[in-house]
Amino acid sequence: MRAAVRLLAGLTVLGCAAIHSPVWAGTETAAAAVNRPVVQAPAGPVRGEALEGVNVFRGLPYAMAPTGWLRWRPPVEMPRWRQTRDASRFGPACHQPIARGESIYAGETPTLSEDCLFLNVWAPQGATAAPVFVWIHGGALATGASDEAMYDGARMAAAQGMVVVSINYRLGVLGYLAHPELSAESRRNISGNYGLMDQIAALKWIKANAAAFGGDPGNVTIAGESAGALSVMYLMASPEARGLFHKAIAQSAYMISTPELRSSRHGDPAAEMVGVWLQDQLGRRSLAELRAMEAQELTISAQAKGYAPWGTIDGKILPEQLVEIFDRGQQAPVPLLAGFNQGEIRSLRILLPPSPPADAAAYETAIRGAYGSLADAFLRLYPSTDLQESLLATPRDGLYGWTSERLMRRQARTGQKGFLYFFDHGYPAMDDKGLHAFHAAEIPYVFGTMDRTPPLWPAIPDTPVERGLSDAMMAYWGSFARTGTPSAPGQPVWPAYDEARTYMAFEGAPVVREQLMPGMYDTHETVVCRRRVAGGIPWNWNFGVLSPPLPPQTPSCP
């Protein structure tokens with residue numbers, strides 16, 4: 001459990017980034033409804049706010065509040081409401097730990113509630129059959145919210161003619177707990193994955209209601225960063241989500257091993273047994289006593305005891321490990337855009353070794369002891385001559401780089417195109433803090449929200465270079481959502497990954513390149529392959545000097 005806590009501590013800061021609005025307003029009075037757009041949606045009439053060229057509808061409930069007996073149950077469809085619903089304010093965030101300290105991701109304390117299954121819609125005024133872009137926030141499945149200022153969809157909706165949607169979903173122990181008693185309550189004899197089921201419920205709501213806001217329910221793109229990108233992969237792998245989206249974008253995804261419901265496999269304990277362990281750690285005698293706990297107390301106490309949320313391989317919502325589903329080409333057959341950032345770990349230093357090697361000799365000794373016959377290949381990629389950069393690059397590539405290329409290489413098995421990117425851009429305030437191209441640094445460029453970053457985020461200068469890069473990235477993402485092929489006016493043509501292994505480098509401007517980090521993917525794929533065959537060893541952040549001894553070669557794993 002300690003390793004899970006360590007990763008959670010490194011990633012939960014993401015998602016607490018921006019100012020959160022007050023609690024959702026509920027049904028409005030007539031006096032408050034003057035000069036505001038009304039949409040007659042299948043879910044019920046809603047009144048939003050008119051911005052410049054865009055109408056925004058905030059805090060729309062896509063499922064019943066998962067409170068009381070609905071805690072740890074699949075989301076329940078929201079009945080149609082009859083009165084016009086005020087959609088002027090965001091709904092509250094789902095319960096989560098509150099970021100403290102000097103994190104660049106931390107913002108003001110959000111309003112929290114267990115009644116949190118809301119989404120927000122930014123729709124171009126007068127739109128009809130516009131592509132729909134659905135954003136799934138990051139935060140290690142433990143923090144974050146759909147109302148973070150960097151995720152504001154107004155500029156993207158206006159510039160790209162898209163309906164932009166951001167969603168909340170249950171987090172932490174309330175979103176991902178598996179437990180034998182919960183499985184026994186279920187008609188499908190499964191538990192866990194409640195946050196993922198929330199995402200699926202949101203996509204069903206979008207399919208039913210998109211047209212009322214000017215969107216095309218037959219042209220939906222799911223997109224997310226970090227845990228949002230992990231969620232994108234879960235959705236691609238889940239039969240329950242099939243047909244609810246038509247394109248996918250995964251920014252800094254990580255295809256780690258995932259706990260299975262009742263089996264201890266790949267070094268991960270069975271998810272149900274983790275639930276039993278947590279119940280014992282919290283001093284509760286039954287599931288009923290867990291359900292009776294106050295939501296925020298439960299969330300904080302579970303984190304303090306070492307609980308970390310993950311998806312669960314339950315045979316139904318998530319049938320198998322992601323690597324197995326993608327190996328067989330059984331993921332959703334949709335166009336995919338994916339990539340990662342050069343400096344992912346610069347802002348996630350908690351993922352670095354707690355006791356780094358004292359010098360180059362100690363580093364090489366540790367690597368040779370862990371990697372054996374693969375050590376020379378590893379040291380060519382991560383040499384001892386630049387020890388600090390090698391320590392940063394190892395978890396970056398083991399988590400995000402390997403995953404991004406793996407997604408591209410498995411796309412061919414679906415008959416769909418894949419487009420790879422590498423974000424390698426910096427600016428003075430970022431680079432002066434040693435944060436070049438850090439984790440999530442690309443988000444404000446994609447959304448055009450460079451002036452809406454958290455208080456301690458390195459301030460992005462308002463210059464032609466920064467605006468030009470943002471315009472290009474937003475256009476590439478927007479055209480991909482429209483057509484399945486990323487393009488941008490006046491910018492390089494972005495070729496599919498294919499055999500040339502082409503990618504788009506976002507530096508000071510977009511540049512087409514080939515063969516990203518030769519040897520990186522093959523080395524980490526070999527490590528994961530051997531661990532999968534041997535069993536008993538997870539693949540997550542345990543690379544480099546944190547790696548256990550590598551299992552021996554097999555006929556299927558060199």
Using a 4.5 Å cut-off on heavy atoms from C-beta on, say whether the side chain of [Y] contacts that of [X].
X    : Y    : result
D216 : P131 : no
H137 : L171 : yes
L351 : L399 : yes
M408 : L336 : yes
W72  : L174 : yes
Y503 : E405 : no
Y234 : L322 : yes
V132 : N219 : no

N/O donor-acceptor pair under 3.5 Å between [X] side chain and [Y] backbone:
X    : Y    : answer
N209 : A41  : no
E320 : I313 : no
R482 : Q160 : yes
Q296 : Q96  : yes
W494 : L420 : yes
E344 : N341 : yes
Q125 : L51  : yes
H439 : I345 : no
Y169 : I136 : no
T414 : P333 : no

So, taking the atom named [atom1] in [X] and the one named [atom2] in [Y], what distance separates them when rounded to the nearest 0.5 Å?
X    : Y    : atom1 : atom2 : value
S238 : I317 : OG    : CD1   : 5.5 Å
I443 : R452 : CD1   : CZ    : 14.0 Å
I222 : L235 : CD1   : CG    : 4.5 Å
R410 : I325 : CZ    : CD1   : 13.5 Å
Y62  : I200 : OH    : CD1   : 10.5 Å
R36  : N55  : CZ    : CG    : 11.0 Å

Steps toward side chain to side chain contact (heavy atoms under 4.5 Å, CB included) verdict (F57, V39): CA-CA 9 Å; F57 303 85; V39 165; 3.5 Å; yes
Closest contact, heavy atoms only, [X] versus [Y]:
X    : Y    : value
V512 : P495 : CG1-CD, 3.9 Å
M156 : V446 : CE-O, 3.2 Å
F480 : A248 : CE2-O, 3.5 Å
R413 : G329 : CB-CA, 3.9 Å
A106 : P455 : O-CD, 3.6 Å
A437 : M430 : N-SD, 3.1 Å

Centroid-centroid under 6.0 Å between F340 and F422 rings: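 Ring centres of F422 and F340 closer than 6.0 Å.
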Within the 6.0 Å centroid threshold, strictly below: Y421 and W477: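 Judged by ring-centre distance (under 6.0 Å), Y421 and W477 do meet the cut-off.
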Parallel, tilted or perpendicular: rings of F133 and F447 (30°, 60°):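 Aromatic pair F447/F133 classed perpendicular.
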Parallel, tilted or perpendicular: rings of W135 and Y151 (30°, 60°):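 Plane angle between 30° and 60°, so tilted.
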Audit row: D462, R467, salt bridge (Lys or Arg N to Asp or Glu O under 4.0 Å) steps and yes/no: CA-CA 7 Å; D462 184 12; R467 291 194 300 271; 2.4 Å; yes
Q411/Q331 under side chain to side chain contact (heavy atoms under 4.5 Å, CB included): CA gap, chis, key distance, verdict: CA-CA 9 Å; Q411 268 301 94; Q331 69 273 29; 4.1 Å; yes
When you check the side-chain N and O atoms of [X] and [Y], is any donor under 3.5 Å from an acceptor?
X    : Y    : answer
E466 : H425 : yes
N120 : S166 : yes
S88  : D86  : yes
R409 : Y497 : yes

Working for side chain to side chain contact (heavy atoms under 4.5 Å, CB included), residues L516 and R501: CA-CA 8 Å; L516 177 61; R501 298 177 186 173; over 6 Å; no
E49/R58 under salt bridge (Lys or Arg N to Asp or Glu O under 4.0 Å): CA gap, chis, key distance, verdict: CA-CA 9 Å; E49 178 185 359; R58 306 178 182 94; 2.7 Å; yes
Residues D424 and R513 bridged, charged N to O under 4.0 Å: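 Result for this pair is no, no salt bridge flagged.
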Verdict with supporting geometry, T312 and N193, side-chain hydrogen bond (donor to acceptor under 3.5 Å, both in side chains): CA-CA 6 Å; T312 296; N193 290 326; 4.5 Å; no
Looking at [X], I want to see if its [atom1] is surrounded by more than 12 non-hydrogen atoms of other residues, nucleotides or ligands under 6.0 Å.
X    : atom1 : answer
M64  : CE    : no
R80  : CZ    : yes
E77  : CD    : no
K207 : NZ    : no

Partner of S470 under side chain to side chain contact (heavy atoms under 4.5 Å, CB included), chosen from M450, R155, E442: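 Only match with S470 under side chain to side chain contact (heavy atoms under 4.5 Å, CB included): M450.
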Evaluation steps, ring-ring contact (aromatic ring centres under 6.0 Å, His included), between F506 and Y445: CA-CA 10 Å; F506 291 108; Y445 290 88; 9.4 Å; no
Intermediate values then yes/no, ring-ring contact (aromatic ring centres under 6.0 Å, His included), W310 and Y254: CA-CA 12 Å; W310 307 109; Y254 44 104; 7.2 Å; no
With sequence neighbours excluded, residues passing ring-ring contact (aromatic ring centres under 6.0 Å, His included) with F438: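 Here the qualifying residues are W457.
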Verdict with reasoning, V173 to H95, per side chain to side chain contact (heavy atoms under 4.5 Å, CB included): CA-CA 9 Å; V173 66; H95 280 283; over 6 Å; no
